[in-house]
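What follows is a set of notes on a single structure, which appears directly below.
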Amino acid sequence: MTQMHKTPSFDLTGKTALIPGGGGGIGFGCACALAEAGASVVIAGRTESVVTEAAATITAAGYQASSLVMDIADIPATKATLDEHGPFDIIVNCAGIARHKPALDSQQDEVEMVVGINLTGAYFLLVHAAQQLIEAGKEGSFITMSSQMGHVGGIDRSVYCATKFGVEGFTKAMAIEWGSHKIRVNTIAPTFVRTALTAPTFAQPERAKWILDKIKLGEVANIEDIMGATLYLASDASRMVTGTSLLVDGGWTAD
């Protein structure tokens, strides 16, 4: 008699997950998703009070969470932190910044700041985390929060797009290099998500209309829309997924 197949497990019990940028917004949603699935989550960020409060919220709900003060743009300090607290089975890097303005108005210091966090910091975070896993002989799943703007251009987003296209590039290369070690490397590329950071954009009627006209499903994403994608890529359910971008964009990039 034919037997039914069983869905791969989404259970993360016994896994440790580091979430830079997990103190709020999308990052906090990702931390909640992984904690609910059984992972011990470590919320990292530059502001101690923010990451401490986020971790406390999760532990108060009965899940495992702790916090770390960490700025991924400070590469030596990030390596030292990983050396002390790693290795981590899962990395979900949600740390990032944006300085949206026309390319002709870009200032060098602003460009370097965005690149330092979104690209250089993100790159070396995964390099150090992978080195630890390889030395420990452990598998892992690395997820970088990218953007639909890592696949298409956007108004006033030349610098942001440059960093996110770069993230998509190193994700594919790292997936190739570390595949033999069973370290999977992927991105999630959301469309515009309703958070405190995007509120000023939605407050501009012409920008809000441009966004909704681009999203084929006709609505902006919520944080919860990103949580399921994060859990999928972090778990064994995506065992054969690496070097790719999971577009949670409502169809923005479909044409």
Side-chain angles (χ1 to χ4, degrees), residues 20-30 45-47 50 71-75 78 92-126 143-173 186-223 225-226 229 244-255:
I26 293 173
F28 181 62
C30 294
R46 293 179 292 182
T47 306
V50 171
D71 179 0
I72 66 168
D74 187 337
I75 294 168
T78 296
V92 183
N93 180 24
C94 297
I97 60 170
R99 293 292 183 269
H100 299 321
K101 60 172 55 177
L104 292 177
D105 295 335
S106 298
Q107 301 298 311
Q108 182 176 342
D109 60 340
E110 293 177 324
V111 173
E112 291 174 348
M113 181 190 305
V114 176
V115 171
I117 295 175
N118 291 7
L119 186 59
T120 311
Y123 179 95
F124 281 104
L125 170 70
L126 299 192
I143 304 162
T144 303
M145 199 58 59
S146 181
S147 169
Q148 64 189 17
M149 298 302 174
H151 299 265
V152 295
I155 298 171
D156 295 346
R157 281 164 170 76
S158 58
V159 177
Y160 188 74
C161 287
T163 62
K164 294 304 183 179
F165 269 79
V167 165
E168 297 296 340
F170 75 58
T171 294
K172 292 183 181 298
N186 295 289
T187 71
I188 295 174
T191 187
F192 285 84
V193 180
R194 291 196 184 277
T195 67
L197 292 177
T198 59
T201 298
F202 291 117
Q204 304 175 56
E206 71 283 0
R207 289 299 170 85
K209 182 181 185 305
W210 173 69
I211 291 168
L212 288 173
D213 286 347
K214 286 283 191 178
I215 299 175
K216 308 305 182 292
L217 292 178
E219 61 180 298
V220 175
N222 295 308
I223 290 172
D225 297 316
I226 313 303
T244 195
S245 182
L246 179 48
L247 283 146
V248 187
D249 69 347
W252 185 299
T253 60
D255 59 6

Hey, could you give me the CD/NZ distance between Q107 and K101, rounded to the nearest 0.5 Å?
5.5 Å
Backbone N/O of W210 and side chain of D213: donor-acceptor pair under 3.5 Å
no
CG/D156 to CG/L104 distance, rounded to the nearest 0.5 angstrom?
10.5 Å
Main-chain N/O of M145 paired with K164 side-chain donor or acceptor, under 3.5 Å
yes
I'd like to check L212 versus V220 (side-chain heavy atoms, cut-off strictly below 4.5 Å). Are they in contact?
yes
Counting only heavy atoms not in R207, do more than 12 sit closer than 6.0 Å to its CZ atom?
yes
Please confirm whether the backbone N or O of T244 pairs with a side-chain atom of N186, one donor and one acceptor, at under 3.5 Å?
yes
F28 side chain reached by I223 side chain, heavy atoms, under 4.5 Å
no
Please report the closest heavy-atom contact between T195 and G25, naming both atoms and the distance.
CG2-CA, 4.4 Å
Nearest heavy atoms of Y160 and A98, plus distance in Å
CD1-CB, 3.8 Å
Measure the CD1-CE distance between I155 and M149 for me, rounded to the nearest 0.5 Å.
8.0 Å
Tell me whether F170 at atom CZ has more than 12 heavy atoms from other residues, nucleotides or ligands lying less than 6.0 Å away.
yes
Does the pair T201 and I211 meet the rule for a side-chain contact (heavy atoms from CB on, under 4.5 Å), with working shown?
CA-CA 10 Å; T201 298; I211 291 168; 3.7 Å; yes
Could you report the tightest heavy-atom contact between S106 and S158, atom names first, then the distance?
OG-OG, 4.4 Å
Here the gap from I75 atom CD1 to Y123 atom OH, rounded to the nearest 0.5 Å, amounts to 10.5 Å
Do the non-hydrogen side-chain atoms of E219 and D225 ever get within less than 4.5 Å of each other?
no
Please tell me if the side chains of K214 and Q148 come closer than 4.5 Å, counting only heavy atoms from C-beta onward.
no
Is the backbone of I97 close enough, under 3.5 Å, to the side chain of N118 for a donor and an acceptor to pair up by distance?
yes
Enter the distance from L125:CG to T144:OG1 here, rounded to the nearest 0.5 Å.
7.5 Å
Considering all heavy atoms of both residues, which atom of L246 and which atom of A229 are nearest to each other, and what is their separation?
CD2-CB, 3.5 Å
Heavy-atom count around E206 CD within 6.0 Å, excluding the residue itself: above 12?
yes
Identify the heavy atoms of S146 and E168 that sit nearest to each other, and give their distance.
OG-OE2, 2.7 Å
For residues T198 and V193, determine if any side-chain heavy atom of one lies less than 4.5 Å from a side-chain heavy atom of the other.
no
Minimal heavy-atom distance between S245 and T187, with the atoms involved, is OG-OG1, 2.8 Å
Working to the nearest 0.5 angstrom, can you tell me the gap between L247 CG and S147 OG?
9.0 Å
Can you find a heavy atom in the side chain of I72 that is under 4.5 Å from one in the side chain of F124?
no
